[in-house]
Q: 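One structure, as structure tokens, below. Some questions next.
Below, read A as the first sequence line, B as the second, and so on, with proteins coming before strands; counting in each chain starts at 1.
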Amino acid sequence: MTSPVVEVNNVNKVYGGRAEASYQALDNVSFSIQEGEFVGVMGASGSGKTTLLQAIAALDRVSSGQITIAGTNVTDMKEKELTDFRARRLGFIFQDFNLLENMTVYENIALPLFLQNQKGKSVRESVYRAAEMLGMEDTLSKYPAMISGGQKQRAAAARALVHHPSMILADEPTGALDSGNAKGLLETLQHLNETYDVTTMMVTHDAFSASYCERILFLEDGRLYKEMQRTGSREEFFKQILDEQAEAGKNKL
Amino acid sequence: MLVKLAWNGMKSKRKDYIILLTGLVMSIAIFYMFQTLALNKDFTSDNAMISSMQLVFHVGSFLLAVITFFYLLYTNTFLLSLRQREYGMFLLLGAKKSHLKRLMFLENLLIGTAALVVGIAAGTVLSGITAGMVMGQLGEDLEGYHSFYLPSLVVTLLFFLLLFVVTAVWNHIKLSKVQVLELVHADTTSDRMPSRPKVNIVMMAAGIISLTGGWLSLIFMEQLREKGILSAAILTTLGTYLLFSSLLPVLLKAVKEKGAWKEKGIRAFTLSQLTFRVQNLKKFLATAAMLIALGAGAISGGMAFKNNAPVFAEQAGFYDAVVHNAGPEEEEILDDITFTDAQQYRYKKAGDYTFYLKEDLENQPPKMRTSSGGVKILDNGLPEDRESLADVKAARDPGSEWTRFLQSSFARDYSKKPLIVNRSLYESIDAEEEVVFAGKSDDFMAYHDEFAALDQIKEQKMEAAEGEHYYSQSKYGMYESYQTLATGTVFMGFFLGTAFLAMMASCLMFKVLSGAAGDVPRYRMLQNIGVSRDLLKRSVAAELFIIFLIPAVLGLAHVLIGMNMFSFILLEPYYRIWVSLLVFIVLYFLYYGLTVKMYQGMVLPQRK
Ligand SMILES: Nc1ncnc2c1ncn2[C@@H]1O[C@H](COP(=O)(O)OP(=O)(O)OP(=O)(O)O)[C@@H](O)[C@H]1O
Ligand SMILES: [Mg+2]
């Protein structure tokens, strides 16, 4: 029996406040994720997907509600513990890559390992393994400014995987990739999820990417309005998602 | 329309513009402050102890002008970097280049005018404050110094207007050459190290040669004189710039390529931060090194003059206290002083002569300071015994060591010639016996107050006794008059020093703050992937430490060698140099701390 590793309870997030016009980006959101689950989050642009992911990683404070990860309430964790939690347990692939342009791709990927004071050969091996999984071996010695958007995205993914986190949060990890590279990345995520039981949460608005998930949460205007569980094959799930998107589109008309 | 857009763009970057303006205002204020001294010939020549003080100021002005020029180019690059993205967008949307150029010119003009007005005002206030502070510290008046001085104002205005025109032309050319996309993607392009090893090696060699030449000029200043000042100023500056430009990138690259060491925590990042901006940094660090050298050198120089007072006084004579016929009041003071040498000599005054008792001089040989600075014990060469006083007078040798010693060290009245006589003749003189006490304390400066009190009593006695006006000056008196004379020089040294250090401070501040904006995303990203704030703070501290350390090392090397420059004016140019160095290091360290704090505040904002 698996246990919930992430629990989100009645979370609200309001941007802005008194002076500026406030905007409710998350509206009473509740759900949980089991250990080793591969969950997708879908929704239109501006529906609050990034906000939700950042709240789970405690990169941003929520306005109210609770988020518990592996039994610890991250909403009132100390900054120091949070930092440590992020560094050791979490791999985060950012929507805007967040690579350090003053370091080579190799150094960017190796950074989480350096931070854990790993050295020498073990670092090199882990970096090469991560790079290989994403087909990045040739770009390791380059600087981010010298590689393409898709390569940057894969480098960011490699950095999120390299230290074997127990949870990966990915924000549109395939947004800048062509279908071949997207497939490679998704298969890598799936492989990690299946072999190492890495809990994965992935934001996407692309039905193909979403079909790799076991379960999908749908967001609209900050509200969680639907959940879909994969029951059959990936192809079937893909069709279901497309149908759901068409349905949502119809409702808008 | 475009003007309005540009104005909005400026407003949205208010913080950066405030930094820019602050930097400009500082540099104008410092330049003006410096000119209030440099151009005020009456003041400098009246108050300086060096006849070539004027030249020192001219060379200083020249250097300050060169540095200001680079500084301005540097701030201008910053201004350009603030605007280029926006200008790129305008161009992309179809604005004419000529229009943009006019816009940029207008912007430069606006900023330049604002900075000039505020800068000169700030300079006037600051120089007033500095003068007041120095006067308060030294308890002396600085007559003839004006914090508002018209010629200085004119020179400052002209100089900066010229610089603004030069930078405007520079921008004009830059904007003409640049491609639209380059502007739009300005943020993502990064200046990488140019791999032109041949040029680099030539530069390195030229740098070493210039620096050696500069240092040699400093070392042989005594022989080269004015020529030396000029060549030292030019060659040292040139060498510093060349060496920093060619050597720093290579050095950092070498460190970065040493694999194992950097693979710890955030070192790779810290090193990358350093390497990445080495291109901009190197010129800047060279400037900082020069400013440190000039600033610390000037303060050291000023202090060396002041420090020189005890040395100078020591040079004047061996005995710290010479007291004639000590009364109870003087005895009491003398009892408080620990003497390593203390002698009493009896004498009688008669007619045009002072007769010293020979056996006193024989039994307790006095000591004197030789012209080379050593100490000589006078234990031989006393004149032979004579039959009568008339014989003694006839045999007087005005050039003998004893005569000179007695005249300069013990004389109460120069009109009375000293003579040495044996006991029988001494007793035959019909005059009251008097006695002079001569003592050398264990530490002259420790009994400053006691010697001052003795001098005061002496003055009173002299006023009371008529016809005695030639009492030889005490060591304390020498010390005091030197101090008075040194005040002006100290003031100038301090002024020069603060001008250069403040210039460097604003340079450093500017560098750090202008870089911080671009660093914010990097630090945020590192925090996002789980680097603790503490670690990032330490990374900032380490990065800035290196930035501060490199120019400090070379700058201090310049100072240590450069103090030779004063060897032909000062008895000991290195006298207690550690005091001024310590002052500098403490100041510098405080400044380092402040910069780190500010930088951390900018790149690591407190999370709500
Ligand atoms: N820092 C912020 N301050 C104010 N409003 C914000 C902030 N960040 C996001 N928002 C607003 O919150 C809403 C949700 O943003 P979020 O980034 O979560 O959207 P998203 O679902 O990730 O969209 P996309 O698919 O385009 O990435 C948006 O309307 C956005 O404008
Ligand atoms: Mg998003």
Q: So which heavy atom on A:Leu99 is nearest to which on B:Met525, and how close?
A: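 It is C-SD, 4.3 Å.
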Q: Can you see which heavy atom on B:Gly530 is nearest to which on A:Ala87, and at what distance?
A: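 Result for this residue pair: O-CB, 3.1 Å.
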Q: Quick one: salt bridge (Lys or Arg N to Asp or Glu O under 4.0 Å) partners of A:Arg88, sequence neighbours excluded?
A: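 Expected list: A:Asp84.
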Q: For A:Leu100 and B:Arg522, work out which heavy atoms get closest and say how close.
A: CD2-CG, 3.1 Å
Q: Checking A:Gln118 against chain B: side chain, backbone, both or neither under 4.5 Å from a heavy atom?
A: backbone
Q: How would you list, by chain and number, every residue that makes a salt bridge (Lys or Arg N to Asp or Glu O under 4.0 Å) with A:Asp138, sequence neighbours excluded?
A: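 Not a single residue meets the salt bridge (Lys or Arg N to Asp or Glu O under 4.0 Å) criterion with A:Asp138.
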Q: Using non-hydrogen atoms only, which part of A:Phe94 is less than 4.5 Å away from chain B: side chain, backbone, both, or neither?
A: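 Interface part for A:Phe94: side chain.
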Q: Hey, what do you get for CG (B:Leu271) to CD (A:Glu107), rounding to the nearest 0.5 Å?
A: 8.5 Å
